Amino acid sequence: MEVPGLSSTISEDQTRRQEGLSDTRTDSVKQSLISSEEWLQLHGLKSNKLTLKQILSQIGFPHCEDYVMSLGRLVASRYANGLFPQIYTTEDGRVYNLTAKSELISQYVEHLTQAVESYKQRMDWLTSNSRQIFGVILEQCITIVLDFGGMLEEELNLCRDALTMVLQEQVAHIAKFNVIRVSQEPVKWQENAVPVTAPSIAAAISWVEKLPFELASSHTSRLDALLEAGKDEVIESIYYFVVGDVPEESKELLLQQALEIPCPVCTVSFNARGQGTIAFLKDLSAKTFSRFHAFAERTECVEFPAFPIKDGDSVITWNSRKLKGKLPPGAGVREDVFLIWREMEEAGSTLAQIQRLVAETPKTSVATTDHGGCC
């Protein structure tokens, strides 16, 4: 589908710059646009055999105990006592005899160090730029519904910058998209979702940059826009981007009619004034079996130069300097960030224990033990 007005909204140089992105970088971004659960299936400790239990099974063997009837208690085997360094794990309450050389154990220190760094990078990525504002887009075909009804006039430029980052950093790496603005009648960028290309992203950014400031709409206009978005059968999910608060009458209507919206509604709160809007958007996303995200930004517009002034700077990094914020009260902990943090904590704890083993294990300590035999 040809996007109208492209020739007037993007220069040939802009097109070449966007199309000139390397395939490697594009593939890397696409691989990042997955849930934390999926990411940990690829990079987590368990999948890479780096949990403490998995490591100990590869560098030693459990010290066996057996129940002696005549004594009426567990008795630990004395076989190999003193031959091997031992470690007690609070994880499963077992003692392990270590048979590996310190050189092999040191390799696990290196792997765990790399894992901790990887988790730090993932957390930084999740909490920066468009992911901090919008969360992570997980679907390939989406419509973004913009609800500016509760916006202050001075927030308009911040919202434009935020949406520009979302389009450039995330939407640019999916398959199809559309944008609809809540108004008396839904204002659609395109009639239906269009394929993602450099020209279509540039045209959408141009459309967003020209959005005017409007007063709040009627209490039915929000539902009308969401229902309109849901008519597009290729859409996998709607991203409902709400600036400020939602009126009580609109909240009631949306919660009552939520199941009429034919696809999941991911809710994104930007600068909510009160916790009531946060609670409402959480409920709406839950009713449509989707996700909630919130971001609180300063409301004053900080003036920055329109174009980068340093070599290597980009519009994305420039916008990210203007948009600094945090989770608002009532938003709770981001689950996607918490999952990575928990994995990082476990990796750090395991790393510390394995580092102690390296320090305590003699470099000459060597044994060839049949792990299948009884100890």
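Every value quoted in this text rests on a predicted model; they were computed, and no experiment measured them. Just so you know, residue 1 is the first one in the sequence shown, and it goes up from there. Basis for what follows: all heavy atoms, side chains included, without hydrogens, waters or symmetry-related copies.
Rounding to the nearest 0.5 angstrom, the gap separating the CD atom in E191 from the CD1 atom in I180 is 8.5 Å. Atom CG in L156 sits 10.0 Å away from atom CD in E154 (nearest 0.5 Å). A distance of 9.5 Å separates CD1 of I55 from CD of Q353, quoted to the nearest 0.5 Å. The line from CG of L254 to NE2 of H219 is 10.0 Å long, rounded to the nearest 0.5 Å. Atom CD1 of I278 and atom CG of D283 lie 11.5 Å apart (nearest 0.5 Å). E209 CD to D161 CG: the interatomic distance, rounded to the nearest 0.5 Å, is 8.5 Å.
By the 6.0 Å contact criterion, CD on Q257 is enclosed, its count of non-hydrogen atoms from other residues, nucleotides or ligands being greater than 12. Applying the 6.0 Å contact sphere to CD of E335 captures no more than 12 heavy atoms from other residues, nucleotides or ligands. Taking a 6.0 Å sphere around NZ of K188, one finds it holds more than 12 heavy atoms contributed by other residues, nucleotides or ligands.
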Kindly indicate, with the supporting measurements, whether the criterion side-chain contact (heavy atoms from CB on, under 4.5 Å) is fulfilled by F134 and V171. CA-CA 11 Å; F134 208 80; V171 176; over 6 Å; no

Could you walk me through whether Y108 and Q58 satisfy the side-chain contact (heavy atoms from CB on, under 4.5 Å) test, starting with their C-alpha distance in whole Å, then the side-chain angles of each, then the deciding distance to 0.1 Å, before giving a yes or no? CA-CA 10 Å; Y108 285 103; Q58 296 173 78; 3.0 Å; yes

Quick one, E37 with S35, criterion side-chain contact (heavy atoms from CB on, under 4.5 Å). Give me CA distance, side-chain angles, the key distance, then yes/no. CA-CA 5 Å; E37 292 92 337; S35 68; 3.4 Å; yes

Decide side-chain contact (heavy atoms from CB on, under 4.5 Å) for V268 and Y240; before the verdict, give the C-alpha distance in whole Å, the side-chain angles of both, and the deciding distance to 0.1 Å. CA-CA 6 Å; V268 181; Y240 181 34; over 6 Å; no

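The backbone N or O of S218 sits less than 3.5 Å from a side-chain atom of S221, completing a donor-acceptor pair. Side chain of E343 to main chain of L45: a donor-acceptor pair is present (N/O by atom type, distance under 3.5 Å, no hydrogens or angles). For the pair E236 (side chain) and Q140 (backbone), a donor-acceptor distance under 3.5 Å is present. Judged purely by atom type and a 3.5 angstrom limit, S206 has no side-chain atom pairing as donor or acceptor with the backbone of A202. Not a single donor-acceptor pair under 3.5 Å links the side chain of Q121 to the backbone N or O of S118. Remark: the backbone N or O of V109 is paired with a side-chain donor or acceptor of T113 at under 3.5 angstrom. R273 places a side-chain N or O within donor-acceptor distance of the main-chain N or O of N271, the cut-off being under 3.5 Å.
In the model, D336 has no side-chain atom that pairs as donor or acceptor with a side-chain atom of S36 under 3.5 Å. For the residue pair N178/Q190, the side-chain donor-acceptor check at 3.5 Å is not satisfied. Of the N and O atoms on the side chains of Q54 and S57, not one donor lies less than 3.5 Å from an acceptor on the other residue. S130 and Q170 share a side-chain donor-acceptor pair at under 3.5 Å.
For the residue pair V194 and S200, the shortest heavy atom distance occurs at CG2-CB, 4.3 Å. Residues S285 and T267 come closest through the heavy atom pair CB-OG1, 3.6 Å. When all heavy atoms of V116 and G348 are compared, the pair lying nearest together is CG2-N, 3.9 Å. When every heavy atom of I133 is checked against every heavy atom of H293, the shortest pair comes out as O-CD2, 3.1 Å. Heavy atoms only, all atoms of each residue included: E169 and N129 are closest at OE2-ND2, 3.0 Å. Annotation for V196 and A172: closest pair CG1-O, 3.4 Å, computed over non-hydrogen atoms.
Ionic pairing of R222 and D147 is present here: one or more N-O contacts between side-chain nitrogen and carboxylate oxygen are shorter than 4.0 angstrom. Ion pairing between E345 and R342 fails under the 4.0 Å rule for side-chain N and carboxylate O. At a threshold of 4.0 Å, the pair E139-R291 counts as salt-bridged, since one of the basic side-chain nitrogens sits closer than that to a carboxylate oxygen.
Side chains of L50 and L112 form a contact here, defined as non-hydrogen atoms less than 4.5 Å apart. Residues W189 and I144 fail the side-chain proximity criterion, which asks for heavy atoms closer than 4.5 Å. N192 places none of its side-chain heavy atoms less than 4.5 Å from the side chain of V234. Two residues are said to be in side-chain contact when any heavy atoms from C-beta on lie closer than 4.5 Å; R122 and L126 meet this criterion. The shortest distance between side-chain heavy atoms of L146 and V182 does not fall below 4.5 Å. Annotation: side chain of V242 is not in contact with side chain of S269 (no heavy-atom distance under 4.5 Å). By the 4.5 Å heavy-atom criterion applied to side chains, V136 and W125 are counted as neighbours. Side-chain contact between K251 and T277: present, with at least one pair of heavy atoms (C-beta onward) separated by less than 4.5 Å.
Using bins of under 30°, 30° to 60° and over 60° for the plane-to-plane angle, the ring pair H43/W39 lands in the tilted bin. The aromatic rings of F295 and F270 sit tilted relative to each other, their planes meeting at an angle between 30° and 60°.
In terms of hydrophobic clustering, with Ile, Leu, Val, Met, Phe, Trp and Tyr side chains grouped at heavy-atom distances under 4.5 Å, I340 and L42 are assigned to a common cluster.
Taking the side chain to side chain donor-acceptor pair (under 3.5 Å) definition, one finds that T288 meets it with nothing, sequence neighbours left out.
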